[in-house]
Each structure stands twice: as C-alpha cells, then as structure tokens.
There are 2 protein chains.
Amino acid sequence: MNIADQTFPAVDNANEDRAQAIRDQLRDAIVDRRLAPGTKLSEGEVGILFDVSRTVARAALQMLSFEGLVRTERNRGAFVANPSPEEARQVFASRRLIEPGIAIAAAGRMTPAHVVAFKAQLDEEGRFIAERGPSARRSEIKASGDFHLLLASVAGNLILQRFMEELVARSSLVIALYGRSGVSSCGHSEHMNILEALENGNSERASALMLHHIDHIEADLDLRVRSGPALRQALEF
Amino acid sequence: MNIADQTFPAVDNANEDRAQAIRDQLRDAIVDRRLAPGTKLSEGEVGILFDVSRTVARAALQMLSFEGLVRTERNRGAFVANPSPEEARQVFASRRLIEPGIAIAAAGRMTPAHVVAFKAQLDEEGRFIAERGPSARRSEIKASGDFHLLLASVAGNLILQRFMEELVARSSLVIALYGRSGVSSCGHSEHMNILEALENGNSERASALMLHHIDHIEADLDLRVRSGPALRQALEF
DNA sequence: TCAGGAAAGATTGCATACGATTTTTGCGAG
DNA sequence: CTCGCAAAAATCGTATGCAATCTTTCCTGA
C-alpha cells in the first residue's frame, strides 16, 4: 500500500500547530488501518500530501514515533508500527494495570453531563456494530477506543489521560493486526455494564468489570507468531 | 539563571542521534535542577552550546516537551517546566497507580544479577546521603529516582518503563520545587525494605511498601500555592 | 515623571539547499 | 537467466535563510 493512495482532508487549522494537525490525521489513519502496519511514511510524501515542507512533516512523524505508532530508523525513514506479539502483550499488561484505577477515579467524579456524554458515545458505538462493511468496522474499533478515552478524561488526571491515549491507539493497531473475531459486540455490552457501575458510583464494580473487559479483548487476539517471526520482520509486513 | 551560565560536555556520540544525546543532557540538567524551572531554553542558545544547528536543538526540545519536562509556547519558545501543585498531585497519583503493579511484576522476575545491581544502586544512594553539599544532594535525588527506574526495567515492560521514566523525571522536578526536608534518608531505608521484599519474592509486601513509599515522598511536599498562583504563573517563576 | 506607541532587535516557524546514506536501477560476467 | 556490482535516483540529516511574531528599547506628549 502506498501512502499516496490515500487522500487527507486539508488542514485548515492553520493558526494552530500544523505538525500537530498532521500528526492527528496520520494517527487516525493508522488507528483506522487506512495505513497498514509497515507502510513507509516518507517525509517528502507526507509533506506533499499535506502541503507542508519536510520540516513540518518530520516533526509530525517524530511525534508519532514517541507515541509508538511509528517506528523510525536512522537514514531509512518512518514506518507505521508493526507491533510484535510481545509488544501487544505489554500494551495490554499496561492497560490492566492502569485502567481499573482510572475506572475507580472516574467513578468518583461522574456528573450527569458525563453520563449524557457516555450514553451518546455508546449509542454511536452501537450504530457502527449494527452496520456492515469494512468502513463501519473501522469506525467501530475507533468508537470502542473512544469509550476508554472518555473514561480517562473523566478521571481528571491529564498524565494518565495521555498514557491512555497512547495505549488505546496502540491497542487499535494490535487489534487490527491480531484480532480474530468481532468480539466488539460483546465489548459493547461490557461498556454498558461499566457505565452502569459508574452511574451508581460503584467504583469497585466498575474497576473489576474493566479488568475483565481488558482480559476479554486480549483473549480475542491470536498472539501466536505467524510463519516465523524473523521472516515477517524481514519483509516488514 | 541563564542557560549560558552552564557548560555541557561535548556530545561525542556523533554516530547516534545527536538530538537524542542533547535531550539526555538537558534532561539530566533539568532533573538535577542545574536548570531552574522557568528557565528559557532558546533554540539558538541550545544550538550554540551543543554546537549544532537550531534544527537539531529544536528536535531535542520537542522531545523534552513530550516528556513534560519542558513547556513550549508558540512563537515564544521553550521553558523548563514549572509544574503546578495540581500537576504535582497528578504525577504522584499516577505513580501510586502504576508503581505497586511494577513492583509486583518485578518481584516475579528478580534474578541474582538484579539483586547485585540493586545493591550497587542502594550503596551509591547511601553514599550521596552521607555526603554534604548541594552537589551531593542533587546526586541523591537522581540516585533515588534511579532506584525506581531500575525496578521498572526489571519489570520487563518497555511501555511501562517509558512511562516511569517520564514520571520519575517529573517527580524530580516536583521534589526540587516543593520538597521540604531531606526525607531522602527515610526514602533510602524504604528502598532497602522494598529490595528485601523483592529478594524474598514477596510481591504483595513489595507492592504495599512501594505504595507507602510514594505516599511518604508526596507527604513531604508542600503543595500549597505560594504567594498567589496567578502571580507566579505570570512571572514564570 | 510616567504612559503610550513606534521602531529596532531577538526569536521562532517554516521552507529550502546540500552533503551523506540508502535504495533502486542497469548492465555485464558467469 | 541469475548474480554481483557500479551508477543513478531517492531519501534522510542537518544547516541556513527569510518572513512572521514577540520582546525590548526609546522617544514623544501629557
């Protein structure tokens, strides 16, 4: 897949940092799997696509590299990350450690406004599950991640929120790579159960449900190495 | 304080990424408080100090900005971060969430070689506590952080390890800003207790000790806003 | 004396240029 | 036809230049 096959909406937010806007667009594309793992992201090409110089494109790629969504090799360039099974396990181990705590924190800070936001989120999530087609499936993965990001924002810790943004993005990559079935509908109901616990201020229950939810997501992955690890690495695919 | 008042060892590691080497040096300087919070880090000055162009200096500053050690404002430049009390609380809340889990993971992976490394680390830590003078005190803060980083590396999760690197660095800043006494000697004995639990494979105890340890560190801070928050912000100090 | 504002200076944001390194292409030998 | 190697093309790393923005200085008028 060539990055040039894709078109990106123009970056109108010229006032704000352009590199950041490009990073956001690329991140969405990576998380949605419009850009496949291993895809080369050359500075020049990114620059042309977004109509900026290589300087700005490079800054955006550097940001993605920090988030672990892009792997850069000196003098070779940037590539969409291709997480190994081990890396995938570490992503989920990190989430198991952090997200139950986030759920507890969020349970203590829920307001009616938050509940409304969660309901809207879950509605949208449900819509994408009902729809068919690859586009809906991409949106579904994204919406599922948004639930966790919303929870992190309610928890009110900006540092943990940023960690979660990284973990959710990397999880999406992992699910795209190693996901087996549509566990998502199951995940949707788990999200609803978590929200219910949050609404009732039952932080212990929310935390426990979250832990199981993460376990279920990981359990749906097939993390066996396929066709020899070295080969895949060598082929960058 | 002017950044030019400091001198930095030359970056000899020319083969590797120069921006990264500069970032490491600057990070050490920030964590050691050789660069005070609020200090301006102008691209040009950094470039001259390290004998690189602004391009490279800028990349290093961008990295530090991602780690939260530097705050950048558009068209104004980069400044050594000046964490607010609220930010400080979030740093420690994050550590309370993450580090007990790291301790558990590490307890299950301790090898004799790890024990040796920890003992060497604690020895060094003790030496700095015995010494007097501001230089030893800086080294002491750094060594204390290194204990936690060593633990994170033993835990074997690269993602969490990177999170901890960020949290420890930011903690050092916070302690330098809001620290009250030399709780460090107390912290040193707590480190030793944690190591003992790790050696015995007593993960529950290591985890609990770690939690208390973090609580103790935070309890030693004076997080009341001083002389009005707005004023300090406005003065960037 | 002090406030207001314009001009000078400094610094950043970004584009571009050039050498260095890597990758691809092309060609000849086996 | 394939392999190996050299030249060409592409791409990266970095320095530098210019316009835009911010900061400081200094002058003027009250």
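Throughout, protein chains are lettered first and strands after them, A, B, ... in sequence-line order, and every chain is numbered starting at 1. The analysis underlying the following values was restricted to heavy atoms, covering all of them including side chains, and did not include hydrogens, waters or symmetry mates.
- The phosphate of C:dG13 has neither OP1 nor OP2 within less than 4.0 Å of any side-chain N or O from A:Arg18.
- The stretch residues 61-70 of chain A does not touch DNA chain C, since none of its heavy atoms comes less than 4.0 Å from the strand.
- A donor N or O paired with an acceptor N or O is not found under 3.5 Å between the base of C:dT12 and the side-chain atoms of B:Ser42.
- With rounding to whole Å, B:Phe50 atom CZ is found 20 Å from D:dG13 atom P.
- Distances shown here put a side-chain N or O of A:Arg74 below 4.0 Å from the OP1 or OP2 atom of D:dT14.
- As rounded to whole Å, 15 Å separates atom C1' of C:dG13 from atom CD of B:Glu73.
- Remark: B:Gln90 engages B:Glu86 in a side-chain hydrogen bond (donor to acceptor under 3.5 Å, both in side chains) (not counting sequence neighbours).
- Remark: A:Arg138 pairs with no residue by the side-chain hydrogen bond (donor to acceptor under 3.5 Å, both in side chains) rule, at least two apart or across chains.
- A:Ser53 has a side-chain polar atom (N or O) that falls below the 4.0 Å cut-off from OP1 or OP2 of C:dA15.
- Listed by first then second residue, pairs satisfying side chain to side chain donor-acceptor pair (under 3.5 Å) with a partner in residues 152-161 of chain A read A:Asn157-B:Ser94, not counting sequence neighbours.
- Note on residues 148-174 of chain B: pairs passing ring pair (Phe, Tyr, Trp, His ring centres under 6.0 Å), not counting sequence neighbours, are A:Phe163-B:Phe163, B:His148-B:His191, B:His148-B:His213.
- The side chain of B:Asn75 lies closest to D:dC22, out of D:dC22, D:dT16, D:dC12.
- For A:Arg76 and D:dG13, a side-chain-to-base donor-acceptor distance below 3.5 Å is absent, hydrogens and geometry of angles not being considered.
- Separating the CZ atom of A:Arg54 from the P atom of C:dA17 is a distance of 12 Å, rounded to the nearest angstrom.
- Candidate nucleotides D:dG13, D:dA15, D:dT11 were compared by shortest atom distance to the side chain of A:Lys40, and D:dT11 ranks first.
- With sequence neighbours excluded, the residues satisfying side-chain contact (heavy atoms from CB on, under 4.5 Å) with B:Thr55 are B:Ser53.
- Distances shorter than 4.0 Å separate some side-chain N or O of A:Arg58 from OP1 or OP2 on D:dG13.
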